[in-house]
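The block underneath contains the structure these notes are about, expressed in structure tokens.
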Amino acid sequence: MKTLSKKILTVCLALMMAVVMALPTFAADYYGLVYRPFYSTSYSNNYLNVNRSSTSVPAAGRNLILYRTTSPGTDQRFNEVYVSVGGKSGHIIQFAAQPELAVNRSTSSGNAILYSWNSEVNLSDSAFELINRYDQPSYQLKYGNFAGQYLCYASDSPGARVYFSTSGYCIWDN
């Protein structure tokens with residue numbers, strides 16, 4: 001009887017651990033964060049957005065822009081996640097609808113794009129240092145030739161370019 005009780009207890013504990021570990025995964029996909037330019041005097045309805053005509057268009061490689069909406073949807077939802085790949089680690093801004101994609105710096109244009117983050121080479125253009133997380137949050141690239149560049153926006157207006165720059169210290173609200 002004691003052996004049966006121990007087996008039942010073990011199975012219940014394993015099931016409970018599986019459920020507890022699965023909940024944050026589902027919550028991250030459903031409750032993705034939204035990022036918008038931060039201004040102390042006003043809050044706009046411009047959000048970080050995947051620049052595509054519909055969700056049926058692949059997100060990989062697409063530029064990021066600001067998009068004006070009062071109800072952020074799939075293309076405006078991201079998750080801030082700490083990851084490690086090989087010898088590199090850092091925070092990424094992961095696309096909630098496709099967790100294998102994250103905000104990345106385009107080598108050729110300097111634009112912010114969505115790209116795979118799960119290799120050591122790709123993480124170089126996706127891993128961020130989080131700067132001043134409480135009152136003026138910013139994101140600065142951590143590795144590679146572009147280390148020290150900030151994730152920026154051209155202006156707080158719909159369709160504004162999102163890019164990386166050493167001269168722009170852009171603040172995001174999430």
Side-chain angles (χ1 to χ4, degrees), residues 28-83 88 90-118 121-174:
D29 288 341
Y30 184 76
Y31 295 106
L33 299 172
V34 290
Y35 295 82
R36 60 185 178 180
F38 178 82
Y39 290 97
S40 58
T41 57
S42 68
Y43 286 96
S44 72
N45 286 323
N46 292 311
Y47 294 91
L48 181 63
N49 176 72
V50 182
N51 188 16
R52 58 185 179 168
S53 56
S54 77
T55 55
S56 62
V57 174
R62 302 300 298 188
N63 285 332
L64 299 174
I65 61 170
L66 295 183
Y67 179 76
R68 180 166 288 160
T69 182
T70 54
S71 301
T74 303
D75 282 354
Q76 295 85 44
R77 298 208 177 271
F78 296 83
N79 296 309
E80 196 174 284
V81 182
Y82 187 82
V83 298
K88 295 184 178 170
H91 290 85
I92 62 169
I93 300 174
Q94 183 183 58
F95 185 42
Q98 290 179 263
E100 70 276 9
L101 300 176
V103 174
N104 186 289
R105 186 193 186 283
S106 168
T107 304
S108 60
S109 68
N111 287 340
I113 61 171
L114 282 183
Y115 203 76
S116 173
W117 59 268
N118 56 4
V121 171
N122 293 346
L123 192 59
S124 290
D125 291 334
S126 292
F128 291 103
E129 296 249 3
L130 305 180
I131 309 295
N132 197 354
R133 296 305 303 150
Y134 298 104
D135 56 346
Q136 295 185 339
S138 293
Y139 298 90
Q140 186 178 40
L141 282 176
K142 189 173 179 178
Y143 298 108
N145 295 333
F146 306 108
Q149 291 191 1
Y150 293 95
L151 180 63
C152 291
Y153 39 87
S155 66
D156 185 10
S157 57
R161 179 177 171 239
V162 178
Y163 63 99
F164 287 87
S165 173
T166 55
S167 61
Y169 179 80
C170 293
I171 303 168
W172 294 88
D173 180 40
N174 61 11

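Computed from a prediction, not measured in an experiment: that's the story for all the values here.
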Could you go through residues 109-117 and list every donor-acceptor pair under 3.5 Å that involves a side-chain atom there, pairing it with any protein atom two or more places apart or in another chain?
unit_1, atom_1, unit_2, atom_2, d
Ser109, OG, Ser106, OG, 3.2
Ser109, OG, Asn111, N, 3.1
Ser109, OG, Asn111, ND2, 3.4
Asn111, OD1, Arg161, NE, 2.5
Asn111, OD1, Arg161, NH2, 3.0
Ser116, OG, Asn118, OD1, 2.6
Trp117, NE1, Pro99, O, 2.8

Could you work out, with ring-ring contact (aromatic ring centres under 6.0 Å, His included) as the rule, every residue matching Tyr163, not counting sequence neighbours? none
Without swapping roles, check the side chain of Gln140 against the backbone of Gly148 for a donor-acceptor pair under 3.5 Å. yes
Report yes if some heavy atom in the side chain of Leu130 is under 4.5 Å from a heavy atom in the side chain of Tyr82; otherwise report no. no
Using residues 55-63 as the side-chain source, report each donor-acceptor pair under 3.5 Å to any protein atom, sequence neighbours left out, with the distance given to one decimal.
unit_1, atom_1, unit_2, atom_2, d
Ser56, OG, Ser54, OG, 2.7
Arg62, NE, Asn51, O, 2.9
Arg62, NH2, Asn51, O, 2.8

Does some side-chain heavy atom of Tyr139 sit less than 4.5 Å from a side-chain heavy atom of Trp172? yes
Quick one: does any side-chain atom of Arg77 pair with a main-chain N or O of Ala97 as donor and acceptor, under 3.5 Å? no
Between the main-chain N or O of Ile171 and the side-chain N or O of Tyr153, is there a donor-acceptor pair closer than 3.5 Å? yes
Whether Asn46 side chain and Asp156 backbone form a donor-acceptor pair below 3.5 Å: yes
Sub-4.5 Å side-chain heavy-atom contact between Gln94 and Val83: no
Using a 6.0 Å cut-off, check whether atom OH of Tyr67 has over 12 heavy atoms from anything other than its own residue. no
Going by heavy atoms in the side chains, are Leu123 and Ile92 under 4.5 Å from each other? yes
Check whether any side-chain heavy atom of Ile93 sits under 4.5 Å from a side-chain heavy atom of Leu151, and report yes or no. yes
Looking at side-chain heavy atoms only, is the closest gap between Thr166 and Phe146 below 4.5 Å? no
